[in-house]
Amino acid sequence: MEMDANETQSKVVVSSSPPGGISLRPMTLSDVDDYMVWATDAEVARFCSWEPCTSREEAIKYITDSVLTHPWLRAICLEDDRPIGYILIMPVDNIRKEIGYVLARKYWGKGFATEAVRLVTAEIFKEMPEVERLEALVDVDNVGSQKVLEKVGFTREGVMRKFIIMKGSVRDMVMFSFLPSDPFK
Amino acid sequence: MPSKETNVQENSKESSSEMEIDSCTLKAMISSPSEKIHLRPMTLSDIDDFMVWATDVNVTRFCTWEPYTSREAGIAFINNFVLPHPWLRAICLDDDYAIGSISVTPVDSIRGEIGYVIGSKYWGKGIATEAVRLVAAEIFKEMPEMERLEALVDVDNVGSQKVLEKVGFVREGVMRKFMCLKGNVRDMVMFSFLPSDSLL
């Protein structure tokens, strides 16, 4: 997989701890086929705001319009540098950012999301010193994702009832946060 | 301190004995612990009563705004914020003078945030509790698309937390470093009340 020279500058290098190293790098259009593996999967999309992708053209459009333009988004890659998902940081306001992540189903349950969240959380406060709070909102039924955050050391602050409309349903969401002063687990 | 007697503007309010109950005027049908209150739209003629609570640093302590220092600024606030607000009411005692205000502000298509302020002379009498109860009882009829009424209260503002708990709001948790208040990043307690919840 080719990468432009300027993309290597943002590469976050990474962990060799169990379960196996992952690395984070910007996504490119050449990731489209790997992107489609998770983006077409209804199980993966279940708790996401987007519907499963149905064509390569749609995927290319989405990567171009939403992924490449995103202020902070990184492909989660295994040793072969091919993405198995991505992780992103969205601004909420001047002091709050929100973390989100998606992983291909084949790679669930192996600690990859946990490692990616841990890496990003550790880095983000250095990159963005004005951030006082990193938060995550997780559907009450998305237990797997709640466990990821708990394993990293996020604080489960509470269930916000009827908080967000997701695919036409009003959902209860669990609010998590991590502060620059918090310890990692 | 301005006295009520100086508030001699002409207005079209009926005397309290003939108060009409319409969609904008909610009258407490049960007496609150010490004082009976009702809610009505706030107008420019409330400016002097507004200045009583808006200039009080005890009242503004947990508000995002600093105490008002001029009548002109108060008038501007009523014109620019109060009158165009989608849902804001003066909290009044029997004499129909405003002793505070309460509002519901849309957060998004399904969430509204309640906020309230009462003159400090009237604290501790159950007035805020009654005002919040009245709003929680009525607002979902007036805003049927709203699924969630929420409130964010500074962790140190115990009095206001008690108001919400007494009405029956659910304390969902402390959101750490959630909001900037007057230059400080504060922990805030999140409360919510749903249409299906019971008023206490």
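- Interface residue A:V170: only side-chain heavy atoms are found under 4.5 Å from chain B.
- Heavy atoms of B:R111 lying under 4.5 Å from chain A belong exclusively to its side chain.
- With salt bridges taken as basic N to acidic carboxylate O contacts below 4.0 Å, one links B:D48 and B:R71.
- One finds no salt bridge joining A:K97 and A:E135 here, because no Lys/Arg side-chain nitrogen approaches an Asp/Glu carboxylate oxygen to under 4.0 Å.
- Neither the backbone nor the side chain of B:F191 comes within less than 4.5 Å of any heavy atom of chain A.
- Interface summary for chain B: among A:M175, A:E157, A:E132, the most heavy-atom pairs under 4.5 angstrom belong to A:E157.
- In this structure, the portion of A:D182 lying under 4.5 Å from any heavy atom of chain B is its side chain and not its backbone.
- Checking side-chain atoms of B:D187 against main-chain N and O of B:K177 turns up a donor-acceptor pair under 3.5 Å.
- Note on B:E138 versus B:K141: salt bridge recorded, some NZ/NE/NH1/NH2 to OD/OE distance being below 4.0 Å.
- Both the backbone and the side chain of A:L179 come within contact range of chain B, judged by heavy atoms closer than 4.5 Å.
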Exercise for review: Would you please test A:I165 and B:S109 for side chain to side chain contact (heavy atoms under 4.5 Å, CB included) and show each step?
Suggested key: CA-CA 9 Å; A:I165 298 185; B:S109 56; 4.0 Å; yes
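- Residue A:R161 touches chain B through both its backbone and its side chain, counting heavy-atom pairs closer than 4.5 Å.
- Using a 4.5 Å cut-off between heavy atoms, B:M175 contacts chain A through both its backbone and its side chain.
- Using a 4.0 Å cut-off between a side-chain N of Lys or Arg and a carboxylate O of Asp or Glu, A:R25 and A:D31 qualify as a salt bridge.
- With respect to the salt-bridge test (charged N to carboxylate O, under 4.0 angstrom), the residues A:E150 and A:K147 do not qualify.
- Interface residue B:I110: only side-chain heavy atoms are found under 4.5 Å from chain A.
- In this structure, the portion of B:V185 lying under 4.5 Å from any heavy atom of chain A is its side chain and not its backbone.
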